[in-house]
Student: 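Before I ask anything, here is the structure I am working with.
Nothing fancy with the numbering, it's 1 onward along the sequence.
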Amino acid sequence: LRTRSGELWVGTGAGIWSCSGACERWNNPSNVQALRRAAIYSLLEASDGTIWIGSEAGAYSYDPRKSALVPHNTTLKLPRRGAVYDIAQDGSGTLWFATEQGVPTLHPKTGEKHAVGEPGTRRGAVRRILWDGHSDLYLTSPERIVRLRRGTRLYEQDLTAASQLSSVRSVALSADGTLWFGASNGLARYEPRADQFTTYFALNSISGLALEESGAWLGLPDGLVHYKTGAETCRSGGASAGADRDSCQRVVLADAPAG
C-alpha cells in the first residue's frame with residue numbers, strides 16, 4: 001500500500017512493515033506490534049487517512065495520527081480471531097470486509113453497520129472485494145465471481161461461468177475501467193460495459209496481480225511475469241492455450257532484503 005503521504009506499507013506473513021522516501025530503512029509502525037506474528041492479507045487507506053488491516057487475526061484500524069490500533073471483529077460479529085482477507089471502501093464511505101462467514105459492512109463515520117448474520121449482509125465465504133470506482137462491487141471466492149450491481153436495488157450477477165476461471169486469487173482494476181482476474185487456471189480481462197470476458201489459459205496459478213499502462217505484473221509459483229499488451233501470442237483470440245509464456249516477458253528479480 002502506498003499512502004497519500006507517500007509511505008509504503010507492506011503486509012507480510014509476520015506483521016506489517018513500512019518505509020518512506022527511498023525505503024533505505026524499514027520499520028514496524030508504532031503500536032502495530034500486536035500483529036507482528038499475524039499474516040497480513042490486505043491493507044487499505046480509507047478516505048479519512050485511517051489504515052484498515054485485514055489479517056488472520058481479524059480486522060483492525062490504525063490511526064497514524066494517534067498511533068492507535070483498534071480491533072473490529074466483535075463489532076462485525078466475527079469470531080475473535082476470524083480471518084479478514086480483504087477490505088474495500090465504496091463511494092459512500094462504507095467499508096466491506098471479505099471473510100469466511102460473509103461480507104459485513106461498516107461506515108466508520110456514522111457507525112452504521114451490517115454485521116455477519118444480520119439482514120442485508122451477504123453470506124458465504126469471500127476472499128477478494130473490489131469497488132469499480134462508480135457503483136458496482138466485485139466479490140470473488142474459490143468458487144465464484146459475483147458482481148453486485150447497484151441501481152434502485154442491489155442486483156447480484158454471477159460471472160463465474162462466463163469467466164471460465166476457477167479459484168480466483170487476485171483481482172485488479174485498470175485505468176480504462178476493465179477488470180483483470182488471476183486464477184489457478186488462467187488470466188481473464190472483463191469489460192463491464194460490454195459484459196464480456198477474454199480469458200487466457202497460457203498463464204496459470206496466478207497468486208498476485210498488479211496493473212500499469214504497459215500491461216500486468218503477475219505473481220506465479222516459479223517467478224514474476226510481465227504480461228505486455230503488445231505480446232501477440234498472449235492477446236490474440238481470447239483463450240490462447242498455446243501461447244508461449246516467455247513471450248509474456250518473464251522477469252528475474254534480485255533477491256529482496258529480508259523483513
Side-chain angles (χ1 to χ4, degrees), residues 1-13 15-20 28-32 34-36 38-76 78 82-116 121-122 125-141 148 168-175 179-182 207-211 219:
L1 168 70
R2 180 72 73 175
T3 67
R4 288 186 287 275
S5 65
E7 281 191 313
L8 180 65
W9 284 53
V10 177
T12 73
I16 298 171
W17 296 84
S18 70
C19 69
S20 56
N28 192 225
S30 178
N31 288 344
V32 184
L35 294 174
R36 66 184 180 275
I40 307 301
Y41 299 132
S42 63
L43 294 165
L44 169 75
E45 183 181 22
S47 55
D48 64 356
T50 301
I51 306 296
W52 287 82
I53 303 162
S55 75
E56 67 176 345
Y60 290 80
S61 63
Y62 176 75
D63 187 340
R65 295 158 295 191
K66 300 177 182 177
S67 296
L69 183 71
V70 180
H72 293 278
N73 273 25
T74 299
T75 300
L76 300 173
L78 294 170
V84 173
Y85 298 108
D86 203 6
I87 306 173
Q89 186 172 40
D90 65 20
S92 72
T94 298
L95 295 163
W96 297 64
F97 302 85
T99 78
E100 289 288 348
Q101 292 76 30
V103 186
T105 63
L106 172 67
H107 197 293
K109 286 189 176 181
T110 66
E112 182 181 356
K113 65 178 177 65
H114 293 283
V116 167
T121 303
R122 191 180 186 282
V126 173
R127 295 297 174 86
R128 291 287 176 262
I129 304 179
L130 186 144
W131 179 54
D132 68 357
H134 300 287
S135 59
D136 296 350
L137 286 124
Y138 294 80
L139 315 178
T140 72
S141 70
L148 296 181
V168 174
R169 301 173 182 177
S170 54
V171 56
L173 178 69
S174 68
L179 288 92
W180 292 75
F181 297 88
S207 58
L209 176 60
L211 303 177

Student: Would you say the side chain of Leu95 lies within less than 4.5 Å of the side chain of Leu44, judging by non-hydrogen atoms?
Tutor: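 A side-chain contact under 4.5 Å exists here.
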Student: Give a yes or no answer on whether the side chain of Arg128 reaches the backbone of Tyr85 with a donor-acceptor pair at less than 3.5 Å.
Tutor: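 Checking the backbone N and O of Tyr85 against the side chain of Arg128, a donor-acceptor pair under 3.5 Å is found.
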Student: Does one side chain, of Ser92 or His107, offer a donor that lies under 3.5 Å from an acceptor on the other?
Tutor: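 Per modelled atom types, Ser92 and His107 side chains form no pair under 3.5 Å.
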Student: Ignoring hydrogens, what is the shortest heavy-atom contact between Asp90 and Trp96? Give both atom names and the distance.
Tutor: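 In terms of heavy atoms, the two residues are closest at OD2-NE1, 3.0 Å.
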Student: Report the distance from atom CG of Leu130 to atom OG1 of Thr140, rounding to the nearest 0.5 Å.
Tutor: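 It comes to 9.0 Å.
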Student: Do Val168 and Tyr138 have side chains that approach each other closer than 4.5 Å (heavy atoms only, starting at C-beta)?
Tutor: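 Side chain of Val168 against side chain of Tyr138, heavy atoms only: no contact under 4.5 Å found.
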Student: Can you check whether Arg2 reaches Leu43 side chain to side chain, under 4.5 Å on heavy atoms?
Tutor: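 Not touching, per the 4.5 Å side-chain cut-off.
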Student: Under a 4.5 Å cut-off applied to non-hydrogen side-chain atoms, are Val84 and Asn73 in contact?
Tutor: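 Answer yes - side chains close enough.
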Student: Applying side-chain contact (heavy atoms from CB on, under 4.5 Å) between Tyr60 and each of Ile40, Val70, Leu35, report the one that passes.
Tutor: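 For Tyr60, the side-chain contact (heavy atoms from CB on, under 4.5 Å) test succeeds with only one of Ile40, Val70, Leu35, which is Leu35.
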Student: Any side-chain heavy atom of Leu69 within less than 4.5 Å of one from Ile53?
Tutor: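 Heavy-atom side-chain distance check passes, below 4.5 Å.
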Student: Given side chains that start at C-beta, do those of Cys19 and Trp9 come closer than 4.5 Å, heavy atoms only?
Tutor: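 No, every pair of side-chain atoms sits at 4.5 Å or beyond.
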Student: Judged by atom type as modelled, is there a donor-acceptor pair below 3.5 Å linking the side chain of Glu45 to the main-chain atoms of Arg4?
Tutor: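 Yes, Glu45 side chain to Arg4 backbone: donor-acceptor pair under 3.5 Å.
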Student: I need the Ser141 OG to Glu100 CD distance, nearest 0.5 Å.
Tutor: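 Rounded to the nearest 0.5 Å, the OG-CD separation comes to 9.5 Å.
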Student: Are His72 and Trp52 side-chain neighbours, meaning at least one heavy-atom pair lies under 4.5 Å?
Tutor: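 His72 reaches Trp52 side chain to side chain.
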Student: Would you name the heavy atoms of Ala57 and Ala38 that are closest together and state the gap between them?
Tutor: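 Reported closest heavy-atom pair: CB-CB, 4.3 Å.
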